[in-house]
Amino acid sequence: IALVSTLYFRGSWSDPFIPYQTYNSYEFTGLKGKTTIPVMRKFGDKKNTKFVVTDNMKSLVLPYVGGRFMAILTLPKDYNKSMHNLFTSPNFYDEWINHLKLTNVKTLRIMHFVPKFKKEFTYSNMQQILKNAGFDFEAFRARSNIDEIIHKVVIEFDEEGTKASAATGMVAKGMPE
């Protein structure tokens with residue numbers, strides 16, 4: 001028996017990026033070294049870029065059509081730190097909640113660059129991931145007969161907007177007696 005749960009999101013930018021302005025050879029240095037990625041560019045010709053800054057973070061706020069949803073792209077204020085450094089700091093949670101309230105949003109005329117990407121993640125060892133997070137998978141298995149949990153995520157960020165989907169499957173190989 002298999003039980004599958006899915007989620008899908010598609011949002012179009014309220015101010016889309018212009019495809020011919022995408023630069024396909026931007027060099028980026030990350031944790032795994034240098035790589036070349038495409039970046040979408042806006043040149044700040046209108047005063048419509050939403051930006052928020054708190055003590056340790058700064059974010060670009062990109063609204064989707066309709067205004068109900070937005071992408072909040074966040075980086076550390078200090079270029080020498082990573083988001084991982086911030087996640088492990090004791091004050092991160094409080095600052096993050098304050099940051100997401102978007103009370104300090106400024107609308108600016110600013111040039112900005114956003115990576116264009118499509119990324120897929122598949123987690124076929126969810127039992128171990130859940131155990132590492134403190135979930136008692138063995139007790140869950142005893143009550144439910146679920147033998148396997150698989151999770152897949154796909155996200156695509158491009159000039160038109162964002163497409164994202166996620167699916168989680170749980171497989172029971174035998175039924176409880």
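Atom set for the values below is all heavy atoms of this structure, side chains included, hydrogens, waters and symmetry mates excluded.
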Short question: side chain of [X], backbone of [Y] - any donor-acceptor pair under 3.5 Å?
X	Y	value
Arg141	Asp147	yes
Trp13	Thr162	no
Glu159	Thr22	no
Thr54	His99	no

Determine, using the 4.5 Å side-chain heavy-atom cutoff (strictly less than), whether [X] and [Y] are members of one ILVMFWY cluster.
X	Y	answer
Leu60	Leu75	no
Val61	Tyr64	no
Leu100	Phe92	yes
Val39	Phe17	no
Phe121	Met126	yes

Heavy-atom neighbours of [X] [atom1] exceed 12 at 6.0 Å:
X	atom1	answer
Lys106	NZ	no
Tyr23	OH	no
Phe28	CZ	no
Lys81	NZ	no
Gln21	CD	yes
Tyr79	OH	no

Taking all non-hydrogen atoms of both residues, which atom of [X] and which atom of [Y] are closest, and how far apart?
X	Y	value
Ser82	Pro76	C-CG, 3.6 Å
Phe157	Ala71	CZ-CB, 4.2 Å
Asn145	Ala172	O-CB, 3.2 Å
Met40	Lys116	CG-CB, 3.9 Å
Asp158	Lys163	OD2-NZ, 4.2 Å
Ile37	Pro115	CD1-CB, 4.2 Å

TODO: Classify the angle between the aromatic ring planes of Phe135 and Phe137 as parallel (below 30°), tilted (30 to 60°) or perpendicular (above 60°).
DONE: tilted
Within the structure provided, determine whether [X] and [Y] are in side-chain contact (heavy-atom separation under 4.5 Å).
X	Y	result
Ile72	Leu102	yes
Glu156	Val154	no
Lys152	Glu120	yes
Tyr123	Ile149	no
Asn56	Lys77	no
Lys42	Thr49	no

To the nearest 0.5 Å, what is the distance between [atom1] ([X]) and [atom2] ([Y])?
X	Y	atom1	atom2	answer
Phe113	Phe43	CZ	CZ	6.0 Å
Asn98	Asn104	CG	CG	6.5 Å
Met70	Ser59	CE	OG	11.5 Å
Thr88	Met83	OG1	CE	10.5 Å
Ile110	Lys50	CD1	NZ	13.5 Å
Asn125	Gln127	CG	CD	7.5 Å

Open item on the list: Checking Phe9 against Phe69 for the ring pair (Phe, Tyr, Trp, His ring centres under 6.0 Å) test, could you report, in this order, the C-alpha distance in whole Å, the side-chain angles of both residues, the deciding distance, and whether it holds?
Closed with: CA-CA 10 Å; Phe9 172 80; Phe69 298 104; 5.8 Å; yes
